[in-house]
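Worksheet for the structure shown next.
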Amino acid sequence: MKNIFKSFLILGCASLMAAGCDFLDPLPNGTYNEDNYQDYPTIVRGFIDKAYNLRPSTYYSTEYIGTDAGSDDAVYRSQTNNMRQFSVGTTSITSNPFSTVWTRNYQAINYCNMFLKDNIGLNSRYLLDPESNALLAKCLQGDAFALRAWNYYELLKTFGGLGTDGKMLGVPILTEVSDADNLDPATIYRATFDETVEQILRDCDSAEVYLPFNNRDYASDPTYVVPVIGSVRYRCFDSISLNGLRAMVYLMWASPAFNPEGDMTRYQKAAQYAAKVMKHKLEVESTFTGGFDPTKGFTWDNLNGPEVIHISTFSSSSLETNFYPYEFKGSANIVPTQDLVDAFPAANGYPISDPRSNYDATNPYQGRDPRLYAAIFHNGSQALRNTNSEVMYTFESAAGGKDAPGRTETSPTSYYVKKFVYMGWNPFDENRMTGYEAIYFMRWEQMCLIFAEAASKVVSPTDRSTFGLSAKEALAYLRSRPTTEGKPGVGVVADPYLDECADDPAKFEALVKNEWRVTTCFEGKRFFNLRRWTANHSDLSAINVDVHGVSITGEPGAYTYTPTVIERKNYASLWRPLPYSEVRKCPNLVQNAGYENWK
């Protein structure tokens, strides 16, 4: 324990060593040291608070909408942005856009290890009342295991992949507090992908022993001690979110990129855990006053709404200035693509490539899935105030318009992000209203998608007997649900295209993939989905694609819409590189394939 405050889970990186004193961050009082910190319960509890606080809390980050900008769903406006340069193959080995993920997540893991060491956290006294203290200590112990699982999942998702040695690798697993002064960089190596998954699942099992069932307070639910558990733990793990995490892990592990033997039990597990979360929403939370209702929509700024399964810390929103154009006091830093717009079906549920959709290429925004209008601003869209539908701004992205490509801080694609934007924000208001934002790490719609994909791999899309739900039902929940603006979904009355796909496994699989795309656009899912669906590790055709915008010319009522290539993705491989500095310092740390010179 001599150097516990220097330990920081160093993976041989000098920059991390220099930052070792940051372990004094949790509630410093100037009187403790590495030999007596366990005598200060606020310090011990601070390890868990710090691990939660380290997680990102805005969708405007490299890991979320920035990752979508590395796919065919969005682009960074600036050509010098690090993520954009990486996605087109022009970045340098010292400009890895994912290095902060490595550093931050291992920092959080070491906080968890410090809390768990010798059961210091479990045996600390936080509250005067013995029963309340025991309950809180158990929650924190569960948090430590769950957070460690979460951080390893994020590391595996980001850095797991085929190594230059030809093996499918995960990340280094460390479950003990590291000593920066004595750590031998040669002892740091990557576990296999399967071993990393197994560690995550073990931590989930350990966490479940200690965590409460559900972090919710409802007037008709008398089972919670409000000052200790319940919604006071709104951003913390519980058994429900643990099942959500397991579903996420199993789905990734079951996917073709990581499942060469085709082990279908992984899909079965993913479906089972997603079904548990869905049934809790449908059968338990739906019975409480103000509880969950799958036929109702949600708004992104309702951060304690029934849609939430697991959420980040919240803060005042700054998304508006990043997404709006210059004339509405924004900078359009990340913008949607034509490819994403085309993925949204018609209002009758058919893909726009299907003649039954009645899609009109000369009037492309008419009669479309209402989710398109809730997610993306197009030429002629209006930003309506959420309280009275006042027109705050009208988008003009046709040639010569104030928001057209080529003007100051405007979108090169002609589209702007609407999803997540607080529609009460107007930069010209004397008293500007600001909304709140957070990351929905897990939510209802995501569980529907996981279940639909996984269950349909195991049984027929219409089978209800195996899991108590059918994959078709899961997609129906998504497609018939009102949008975040309250508009009826495409399947609210009937959904003949869903019916058709449910009778054809290949069509249903394609529909599931497209529902992933439109439902979770800008949430950082697209790139990882494309990758995990790729069985041939040398096939980069899903990610190395032309990304399009649209040029709009002519006069109102007679516009011509011409697709334009904005950029060509040029990834070196399906995988992301480990930080160059880490590989340089640790001789046994294998780099990912495609980045052989990043070492």
Side-chain angles (χ1 to χ4, degrees), residues 68 73 244 247-248 251 270-271 273-282 285-286 292-300 302 305-309 340-341 343-352 357 368-376 418-420 440-457 461-464 467-502 505 507-526 529:
D68 272 11
D73 277 1
M248 293 160 65
L251 183 67
Y273 283 117
K276 284 185 177 183
V277 178
M278 293 176 67
K279 288 178 182 177
H280 172 75
K281 289 284 186 183
L282 293 168
E285 287 193 22
S286 65
F292 179 72
D293 184 343
T295 67
K296 292 183 178 179
F298 74 101
T299 58
W300 288 101
N302 183 11
E307 172 76 9
V308 175
I309 296 168
L340 174 59
V341 170
F344 284 86
N348 62 9
Y350 287 96
I352 63 171
S357 70
R368 299 292 294 277
D369 184 332
R371 290 177 293 182
L372 170 63
Y373 311 132
I376 295 171
K418 183 177 184 181
K419 188 174 180 176
F420 313 131
Y440 288 56
F441 291 132
M442 303 175 207
R443 60 190 185 91
W444 161 255
E445 292 182 334
Q446 181 185 1
M447 291 300 117
C448 291
L449 288 163
I450 291 173
F451 179 79
E453 179 177 348
S456 63
K457 294 290 187 179
T462 57
D463 180 283
R464 294 193 84 254
F467 301 106
L469 296 163
S470 75
K472 180 184 177 182
E473 282 179 88
L475 288 196
Y477 281 130
L478 301 178
R479 289 165 64 87
S480 64
R481 191 184 198 194
T483 70
T484 53
E485 297 180 319
K487 304 299 183 183
V490 296
V492 67
V493 176
D495 197 343
Y497 186 67
L498 175 59
D499 295 338
E500 176 183 312
C501 291
K507 282 187 176 181
F508 191 82
E509 180 179 3
L511 180 59
V512 168
K513 290 180 177 180
N514 198 67
E515 284 297 313
W516 266 112
R517 187 176 193 179
V518 300
T519 302
T520 66
C521 63
F522 313 133
E523 295 179 49
K525 303 287 194 295
R526 175 69 173 167
N529 282 342

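Because the structure is predicted, anything quoted here is derived from the model rather than measured. Below, all heavy atoms of this structure are taken into account, side chains as well, without hydrogens, waters or symmetry copies.
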* To do: List the atom of Thr483, the atom of Arg371, and the distance in Å for their closest heavy-atom pair.
  => CG2-N, 3.8 Å
* To do: Mind checking side chain to side chain donor-acceptor pair (under 3.5 Å) for Arg517 and listing every partner two or more places apart, or none if nothing turns up?
  => Asp72, Asp73
* Structure fact -> Hits for salt bridge (Lys or Arg N to Asp or Glu O under 4.0 Å) against Lys279, two or more places apart or cross-chain, chain-then-number order -> none
* **ring-ring contact (aromatic ring centres under 6.0 Å, His included) partners of Phe441, counting only residues at least two apart** => Trp150, His310
* Does the ring centre of Phe298 sit less than 6.0 Å away from the ring centre of Trp444? -> no
* Structure fact -> Closest non-hydrogen contact found for Gly489 with Pro370 is CA-CG, 4.4 Å
* Structure fact -> With sequence neighbours left out, the residues meeting side chain to side chain donor-acceptor pair (under 3.5 Å) with Trp516 are Glu453
* To do: List for me each residue that meets salt bridge (Lys or Arg N to Asp or Glu O under 4.0 Å) alongside Arg443, sequence neighbours excluded, and say none if there are none.
  => Glu307, Glu445, Glu523
* What residues, two or more places apart in sequence or in another chain, satisfy ring-ring contact (aromatic ring centres under 6.0 Å, His included) together with Phe344? -> none
* Asked: Can you name the residues that form a side chain to side chain donor-acceptor pair (under 3.5 Å) with Asn529, not counting sequence neighbours?
  -> Arg532
* To do: May I have the step-by-step check of side-chain contact (heavy atoms from CB on, under 4.5 Å) for Met447 and Lys281, ending in yes or no?
  => CA-CA 11 Å; Met447 291 300 117; Lys281 289 284 186 183; over 6 Å; no
* Under 3.5 Å donor-acceptor, Tyr373 side chain and Arg368 backbone -> yes
* Structure fact -> What one should report as the nearest heavy-atom pair of Ala471 and Phe451 is N-CE2, 3.7 Å
* Close side-chain approach of Leu511 to Tyr497, heavy-atom, < 4.5 Å -> yes
* Asked: Would you say the side-chain atoms of Lys487 pair up with the backbone N or O of Asp369, donor to acceptor, closer than 3.5 Å?
  -> no
* To do: Just jot down the side-chain contact (heavy atoms from CB on, under 4.5 Å) partners of Asp499, sequence neighbours excluded, or say none.
  => Lys472
* Structure fact -> For Thr484 and Ala374, the nearest pair of non-hydrogen atoms, with its separation, is OG1-CB, 3.6 Å
* To do: Please name all residues satisfying side-chain contact (heavy atoms from CB on, under 4.5 Å) with Lys513, sequence neighbours left out, ordered by chain then number.
  => Glu509, Trp533
* Asked: Which atom pair, heavy atoms only, marks the closest approach of Leu478 to Cys448?
  -> CD2-CB, 3.8 Å
* side chain to side chain donor-acceptor pair (under 3.5 Å) against Ser470, all qualifying residues, sequence neighbours excluded -> Glu473
* Please name all residues satisfying side-chain contact (heavy atoms from CB on, under 4.5 Å) with Ala347, sequence neighbours left out, ordered by chain then number. => none
* Just jot down the side-chain contact (heavy atoms from CB on, under 4.5 Å) partners of Ala476, sequence neighbours excluded, or say none. => Leu498
